[in-house]
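Everything on this sheet refers to the single structure shown next.
Chain identifiers are assigned alphabetically (A, B, ...) following the order of the sequence lines, protein sequences preceding nucleic acid strands; residue numbering begins at 1 within each chain.
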Amino acid sequence: MEIKQPLSYPYSPAFHALLRAGLHLKLLQQVHAHLIVSGYGRNRALLTKLIKQVCAARSIEYTRRLFLVTPDPDSFLFNSIIKATSKFHFSLDSVLFYRRMIISLIRPSDYTFTSVIKACADLSVLTLGRGIHTHVLVCGYGLNIYVQSSLVAFYAKSGDLDIARKVFDRMPSRSLVAWNSMISGYEQNGLAKEAFELFEQMWKMGVEPDSPTFVSLLSACAQMGALGLGCWVHEHVVKNGFDMNVVLGTSLINMYARCGDVEKAREVFDSMSELNVVTWTAMISGYGTNGYGTEAVELFGQMRILGPSPNSVTFVAVLSACAHGGLVDEGRWVFASMSDEYGLVPGMEHHVCMVDMLGRAGLLSEAYQFIRELVPGSPAPAVWTALLGACKMHKNFVLGVEVAEHLLSVDPENPGHYVMLSNIYALAGRMDRVEMVRNIMFRRCLKKQVGYSTIEVNQKTYMFSMGDKSHPESNEIYQYLDDLMWRCREAGYVALPDSVMHEVEEEERDHALRYHSEKLAIAFGLMKTSHAVAIRIVKNLRICEDCHSAIKYISVVANREIIVRDKLRFHHFKDGVCSCLDYW
DNA sequence: TGTTCCCACG
């Protein structure tokens, strides 16, 4: 007969000692020592509880050690450790413990699967997850709603939306979590429109959304720059009395900021009762991308005093705000404070920001020196790309050609580098070289990204690409645009000469230049909206110099505020002036 | 005992 171990929850003193130790590693180690001394060092139940807490205390090494000293791990121990490691993002360990469980011939349960599949989702490992999906079916959990939801999330996060949707569609009953997983899956893969379509379906079926639903929808609005829809979501959240938690509030800030309405973003920021690092970072970044560099740095200053410790994303936001705002001195001390005050190690992205900042300000040799002296190892292509952009901006051909050639040698598959080199030659008037670079690009079958612009009218988003005639009112739009450009020319607009027409990641230069997607979208917006509302355009690439100049004139002749979000930042055009002050 | 949601660069 087996003698019961002297642990019987909740009466055992050892168990109480564990509870008291909480999440402090030191205390947990003391309890472990105590267990050993008092003869419970191999008590599986106590060790299981201890393992969960050690894992929650974020010590993966100690978690692994404890597992190794536990005799005959049972299914309870395996489930606990797989769940704990998955929950605290030690995803690889989670998968490895799962593997060990299978090898030990212990049958996984539905609880095992939800945890290990979540770990696979964190790792985005498709092949591994597919294998575990097979285990799920073999073990007979194919219809378990929790397992199915985690599979939907896993496939969506790993980028296989078709399979995610298949699993989702085959669910006999869909939980709200399953809906949320699928909606956020679309949004995270850049399919904002599909996210909204699925939400509509859910809405029509009478399923009540919750705050994760709204968070995903707000991200989708931010992605599309759809302010109207975003406001609708905000109103709905307020009307239905949802409590404004940090995540939801941060999503709202992000949505308003990325739709170009910084004031509203700040309003939400000020109204929040709890602010975390992500919230502060979202607001700082919102200021930066909208051209309010000073405000971004100021808010960062407040964060240092009142807020949580900034993380490395915060520094990217502040430094890029400094770069776009020409705030070189501020950027220098912010960068220094990163390691001096917060003990953070600057990464590649921070170096990119610094080179970008120095380069934009015309301090090319300092930028070059920064790369040589302060960037450890061999600098990533992105760092050189930043310098190259600055060379073109300040027309430094010698350095520009040198950097571009270096980039082509280390990163020959990137069409952006070829385009940049060709542009630099064009600026120098070396049209023979321009032709040569273009030919190489052609031979290697490298293509530039296709550009497009979107605009929201009456909560519907319309997309335009260059020379696009797919819109049913195409003729009217072109007519309107021609008319508009004629009025701009009357007011003094002159199209830029050919040699400076094609820039990095901008739309193809040809006779259809006049019909760049942003111009089409603006014409459509002017036709369809009333005078009081601003025109808001979202572009996937950078705005070109000619369009930038043209839009300034359009803002005057059409007497309209026009806000363009390009790949990097916002341009607020009003009365013939752009908020970027031609510094972008 | 579970599955879903927030910030940056390029």
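- At a threshold of 4.0 angstrom between heavy atoms, the contacts of A:Ser115 with the nucleic acid are absent.
- The neighbour count for A:Arg100 CZ, taken as heavy atoms of other residues, nucleotides or ligands under 6.0 Å away, does not exceed 12.
- Under the 30°/60° scheme for interplanar angles, the aromatic rings of A:Phe199 and A:Phe196 are found to stand perpendicular.
- With hydrogens and angles left out, the side-chain atoms of A:Arg165 and A:Tyr186 include a donor and acceptor closer than 3.5 Å.
- Residues from residues 302-321 of chain A with heavy atoms under 4.0 angstrom of DNA chain B, sorted by number: A:Val313, A:Val316.
- When heavy atoms are screened at a 4.0 angstrom cut-off, A:Lys157 is found touching the sugar-phosphate backbone but no base atom.
- Nucleic acid contact for A:Asn79: none, since no nucleic acid atom lies under 4.0 Å from a heavy atom of the residue.
- Using a 30° and 60° split on the angle between ring planes, A:Phe300 and A:Phe315 fall in the perpendicular class, above 60°.
- A side-chain donor-acceptor contact under 3.5 Å links A:Tyr256 and A:His234.
- A distance of 12.0 Å separates CG of A:Asn180 from CE of A:Met182, quoted to the nearest 0.5 Å.
- A distance below 6.0 Å separates the ring centres of A:Phe335 and A:Phe370.
- A donor and an acceptor atom, one from each side chain of A:Ser80 and A:Thr48, are nowhere located under 3.5 Å apart.
- For DNA chain B, the span of nucleotides reached by chain A at under 4.0 Å from its heavy atoms goes, 5' to 3', from B:dT1 to B:dG10.
- A:Phe76 CZ: 12 or fewer foreign heavy atoms inside a 6.0 Å radius.
- Here the closest non-hydrogen pair linking A:His324 and A:Arg360 is CE1-NH2, 3.2 Å.
- Within residues 84-96 of chain A, no residue has any heavy atom under 4.0 Å from DNA chain B.
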